[in-house]
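Working notes for the structure below.
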Amino acid sequence: MEKKYDFTAIEKKWQKYWEENNTFHAENNSDKPKYYALVEFPYPSGQGLHIGHPRPYTAMDIVARKRRLQGYNVLFPMGWDAFGLPTENYAIKNKIHPALVTENNIKRFKSQLKSLGLSFDWDREVNTTDPEYFKWTQWIFLQLFKKGLAYKSKMAVNWCTSCKVVLANEEVVSGCCERCGGEVIRKEKSQWMLKITEYAQRLLDDLELVDYPERVKSSQINWIGRSTGAEVNFETSAGDTLTVYTTRPDTLFGATYMVISPEHPYIEKWSDKLSNLEEIKDYQQKAAKKSDFDRTELNKEKTGVKLSGVTAVNPVNGKEIPIFISDYVLMGYGTGAIMAVPAHDERDYEFAKVFGLPIIEVVKGGDITKAAFTDCATGIMTNSGFLDGLSVEEAKVKIKEWLAANGKGHEKVNFKLRDWVFSRQRYWGEPIPLVYCEKCGWVPVAEEELPLTLPDVDSYMPTDSGESPLSTLESFINTTCPHCGGKARRETDTMPQWAGSSWYFLRYCDPDFKAGVASKEALDYWMPVDWYNGGMEHTTLHLLYSRFWHKFLYDIGIVSTKEPYMKRTSHGMILGKDLDNPGQFTKMSKSKGNVVNPDDVVKEFGADTVRLYEMFIGDFEKAAPWQEEGIKGCKRFLDRVWGLREMIAEGEEHGKELESEIHRTIKKVGEDIEGLKFNTAIAALMSLLNKFYSLGSITKGEFKTFLILLYPFAPHISEELYSEVSGGAVIDDQSWCPYDEALCVDDTVEIAVQINGKVKAKLNVSAGLDKDTLVKTALENEEVMKLIQGKQVVKSIGVPDKLVNIVAK
RNA sequence: GCCGGCAUGAUGGAAUUGGCAGACGUGCCGGACUCAAAAUCCGGUGGUAGCGAUACCGUGUGGGUUCAAGUCCCACUGCCGGCACCA
């Protein structure tokens with residue numbers, strides 16, 4: 001009987017079956033071992049799902065489906081990271097409440113995800129904009145506040161002139177706003193900050209507890225930016241001690257001048273002693289106007305002003321040295337002041353050349369008339385008194401001892417990591433639940449009053465002054481102090497989008513819990529996440545922020561694991577056609593007009609084909625181009641799988657050769673899934689299918705095994721065929737196929753015989769021959785003997801089951 | 001500038017510890033089926049020379065180590081990503 005592969009009907013049928021049977025529902029209690037597989041929840045944008053979204057989702061769906069068959073109780077949840085600027089901008093433009101926009105976008109996203117047959121447990125869906133969710137985002141913030149880890153600070157911030165919003169450093173790309181591309185300038189603002197820097201060392205150390213790819217680990221390490229050096233005290237003629245931070249205290253004898261940041265407080269303090277104050281103030285103003293981008297961009301050439309009237313003394317040799325201000329020294333790092341050693345620091349060298357300052361070599365090994373010598377590994381100390389003759393590393397130790405003994409300084413560790421700017425002057429975010437009282441200062445909203453919800457406003461536009469739209473709403477602002485009952489005003493800033501995504505994986509454990517982020521039992525059962533896959537774009541910020549919050553929650557006893565994620569992997573982007581450069585591929589974007597909508601592809605080829613192609617397209621960890629021609633191959637493969645039902649012939653024995661090929665395929669598919677090598681797993685399935693076709697028949701048992709292997713990748717067609725061939729059974733109730741290592745090897749193997757490194761013959765030998773026997777067998781082979789006739793065998797190398805190489809002259 | 005990654009047929013991409021380069025797919029060529037086309041099935045497909053068995057060349061470039069190099073080492077080129085005065 002001919003039956004068509006009607007993927008649309010089949011996919012609908014099984015999606016309905018799974019939904020009705022709650023197949024993917026995870027229970028918080030189970031005798032089975034638990035497995036928590038996590039993908040990054042999407043931002044439900046107005047454009048709907050993008051063809052890149054299903055790549056990581058399908059990958060983890062494959063893992064989740066395989067784990068269920070392996071007998072695990074699997075948690076594979078999904079939700080919505082729904083606060084954010086695009087929704088707010090859309091709301092402003094179309095005068096629709098952002099909550100309504102969000103609701104519609106989520107509906108669309110959800111139906112798109114469901115059409116792909118992803119095995120999410122939809123009973124655990126979370127939404128960061130749901131007051132029942134952000135109640136606990138606010139609660140966590142209050143705990144941070146109560147522990148002194150949230151503070152308000154006036155600081156220069158990155159200000160997007162187009163979005164009219166404060167951006168985090170990480171949201172500024174080459175001087176422009178990451179989202180809109182608008183110009184970013186510096187502006188003084190009072191901001192809520194989170195003290196992530198207090199966790200810097202632990203965020204670094206605990207990377208040893210987790211299984212992250214090297215590229216992810218190293219970017220976290222670089223972002224944290226730990227360095228070991230020393231703080232050194234310089235006495236000044238003004239009477240104040242000027243402390244600097246340096247990683248090269250060994251070069252102290254070579255410090256010929258000092259530089260302080262234009263924002264350094266001593267400038268104000270010393271104003272009556274400085275004879276060129278006007279020149280200095282002028283330079284300060286210019287520096288203040290520049291954005292960070294301009295500051296780095298314009299400073300190819302070093303600039304600065306010498307402080308006339310105040311000098312410093314090098315503590316190690318008593319020499320008087322000048323002090324400069326220059327914007328190459330940043331107030332936000334170290335002490336905002338440096339000792340300059342032009343002979344051994346490139347920036348100091350450039351500056352010294354511009355200002356004609358002395359360059360004294362204190363480490364031998366380079367040519368300081370040409371460039372600064374910065375190599376720590378080979379240099380030997382010179383012109384450095386008691387350090388002379390030592391290596392750089394030895395000198396570092398000795399000078400630190402000297403500094404400590406003489407009260408001139410001490411060892412110091414510094415981090416590049418800055419505290420997290422946590423305020424946004426926007427409407428569509430979690431309100432920060434604090435009130436300001438003249439008498440009591442900043443006071444938290446009572447926890448019973450959470451969630452503090454967003455009031456309805458007429459306009460979601462940020463104000464020109466830079467304040468949040470909430471700041472114009474008197475009914476929201478005016479309140480009473482929870483502490484003294486007097487008049488108080490609410491904070492009108494909202495939280496950044498990173499807030500809700502910093503703990504969402506905890507909420508999945510117990511999404512309806514009313515008395516906390518999740519019940520202790522649920523958290524202890526499910527956490528940590530066993531495998532978390534996400535994009536490289538989130539390896540520094542989201543990963544670091546969520547690890548920080550998790551460590552804080554660990555400290556206050558909410559969670560029991562130090563790290564949230566045991567294993568992290570990263571997928572590559574799906575690229576679209578570059579319409580400007582035919583034959584090239586580039587990032588898909590609306591503006592480039594090269595976005596592929598998964599709905600169209602699902603409609604034309606079916607969800608199973610889309611899933612398969614997303615996984616077959618290439619190395620999962622690398623970017624891959626979406627090619628319409630390529631997807632056909634996956635559709636053909638499934639058509640051929642469908643065709644197997646016509647080939648079922650019971651009782652036909654295919655022998656050991658096929659049996660071992662099946663076992664090898666089981667092994668390979670299983671191992672490849674664990675190693676993110678989905679493309680080669682599929683290739684192995686294709687090879688096995690080709691084998692079935694060449695044999696012309698398949699037994700029911702072989703067919704069932706094949707379908708179980710295919711099921712994680714293409715679940716709908718696998719379920720349909722399995723239920724047909726087994727009289728109604730479903731794969732969800734089956735077990736992952738075991739394999740027999742002994743059966744994976746054939747009785748005989750083909751080995752290559754090389755003569756002088758070139759393959760000259762092939763030989764069939766029994767498997768597992770040791771190398772001596774193998775060489776002997778090869779040398780006794782007639783064909784081989786002919787080939788080496790008249791030559792002298794110098795050397796023979798045998799590699800069991802692989803090859804023999806005969807070196808003959 | 002610094003750090004990281006990558007470079008393989010026409011094309012997307014495969015290749016455990018160094019061990020038969022090009023698995024699997026696309027495209028192309030040929031055959032079967034068809035009035036014909038599509039679809040499907042079967043076969044072929046790195047380059048050069050040769051009727052041919054075969055020979056030589058071949059993993060960005062140039063060197064090296066090795067019985068053996070896509071894989072290891074040195075130098076260079078190109079592309080992609082991240083950071084960007086962090087003392």
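Only a predicted model underlies this, so the values are computations on that prediction, with no experimental measurement involved.
- Spacing between B:G70 and B:C20 at atom C1', rounded to whole Å, works out to 14 Å.
- At whole-Å resolution of the value, CG in A:Leu689 and P in B:A23 are 17 Å apart.
- Among the atoms of the strands shown, only primed sugar atoms or phosphate atoms (P, OP1, OP2) are found under 4.0 Å from some heavy atom of A:Ser227.
- Heavy atoms of A:Lys668 sit nowhere under 4.0 angstrom from any nucleic acid atom.
- Side-chain nitrogen and oxygen atoms of A:Lys758 include none within less than 4.0 Å of the OP1 or OP2 phosphate oxygen of B:A55.
- Rounded to the nearest Å, the gap between the P atom of B:A68 and that of B:C80 is 37 Å.
- Using a 4.0 Å heavy-atom criterion, one finds that A:Glu346 contacts no nucleic acid atom at all.
- B:A15 is unpaired under the criterion used here, namely a Watson-Crick or G-U wobble arrangement in which both key atom distances are under 3.5 Å.
- The A:Arg636 side chain lies nearest to B:U26 when the options are B:U26, B:C20, B:A23.
- Of all nucleotides present, none satisfies the Watson-Crick or G-U wobble test against B:G22 with each distance under 3.5 Å.
- Following rounding to the nearest Å, A:Gln220 (CD) and B:G4 (C1') show an atom-to-atom distance of 15 Å.
- Position along RNA chain B of the nearest nucleotide to A:Thr680 versus A:Ala337 favours A:Thr680 as the more 5'-ward residue.
- Searching all strands for a Watson-Crick or G-U wobble partner of B:G1 with both distances below 3.5 Å returns B:C83.
- A distance of about 8 Å separates the C1' atoms of B:G58 and B:G46, rounded to the whole Å.
- Note on A:Asn690: only backbone sugar-phosphate atoms sit closer than 4.0 angstrom, heavy atoms only; bases stay farther off.
- Atom name C1', nucleotides B:G62 and B:G1: the rounded distance is 26 Å, in whole Å.
- In this structure, the side chains of A:Phe692 and A:Leu658 come closer than 4.5 Å at one or more pairs of heavy atoms.
- Taking 90° from 0 as the syn/anti boundary, the base of B:G9 is oriented syn.
- Rounded to whole Å, the distance from OH on A:Tyr693 to P on B:U40 is 11 Å.
- For the pairing with A:Ile338, the side-chain contact (heavy atoms from CB on, under 4.5 Å) check across A:Phe324, A:Tyr333, A:Tyr328 returns one residue only, A:Tyr328.
- Taking atom P in both B:A75 and B:A21, the straight-line distance is 29 Å, to the nearest Å.
- Comparing the P positions of B:A10 and B:G4 gives a spacing of 33 Å, expressed to the nearest Å.
- As judged by a 4.0 angstrom heavy-atom cut-off over every strand, A:Asp639 is placed among residues making no nucleic acid contact.
- Side-chain N/O atoms of A:Lys760 include one lying less than 4.0 angstrom from OP1 or OP2 on B:A55.
- With the nearest nucleotide of RNA chain B identified for both A:Ile617 and A:Gly633, A:Ile617 has the one nearer the 5' end.
- Within the 4.0 angstrom heavy-atom criterion, only backbone atoms of the sugar-phosphate kind lie near A:Val807; the bases stay farther away.
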Would A:Glu346 and A:Lys302 count as a salt bridge (charged side-chain N to carboxylate O under 4.0 Å, His left out) here? Give the steps. CA-CA 11 Å; A:Glu346 281 169 33; A:Lys302 293 279 179 289; over 6 Å; no

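- No engagement by A:Ser219 is indicated, since no non-hydrogen atom pair under 4.0 Å with the nucleic acid exists.
- A:Phe355 and A:Tyr257 have their aromatic ring centers separated by at least 6.0 angstrom.
- In this structure, A:Ile359 CD1 and A:Asp345 CG are separated by 11.5 Å, a value rounded to the nearest 0.5 Å.
- Pair assignment for B:A55: B:U48, on the basis of Watson-Crick or G-U wobble contacts that are both within less than 3.5 Å.
- To the nearest whole angstrom, the two P atoms, one in B:U65 and one in B:U71, are 15 Å apart.
- For the OP1/OP2 pair of B:A14 and a distance below 4.0 Å, the side-chain nitrogens and oxygens of A:Asn679 include at least one atom meeting the criterion.
- Separation of atoms CE (A:Met339) and CZ (A:Phe234) is listed at 5.5 Å; rounding is to 0.5 Å.
- The partner of B:U40, taking Watson-Crick or G-U wobble pairs whose two distances both stay under 3.5 Å, is B:A32.
- OP1 or OP2 of B:A87 has not a single side-chain nitrogen or oxygen of A:Tyr328 nearer than 4.0 Å.
- Within a 6.0 Å radius of NZ in A:Lys217, other residues, nucleotides and ligands contribute more than 12 heavy atoms.
- At B:U26, none of the side-chain N or O atoms of A:Lys632 fall inside 4.0 Å of OP1 or OP2 (strictly under the cut-off).
- Note on A:Arg640: only backbone sugar-phosphate atoms sit closer than 4.0 angstrom, heavy atoms only; bases stay farther off.
- Put simply, A:Lys622 has no side-chain N or O that comes within less than 4.0 Å of OP1 or OP2 on B:G81.
- Rounded to whole Å, the distance from NZ on A:Lys667 to P on B:U16 is 14 Å.
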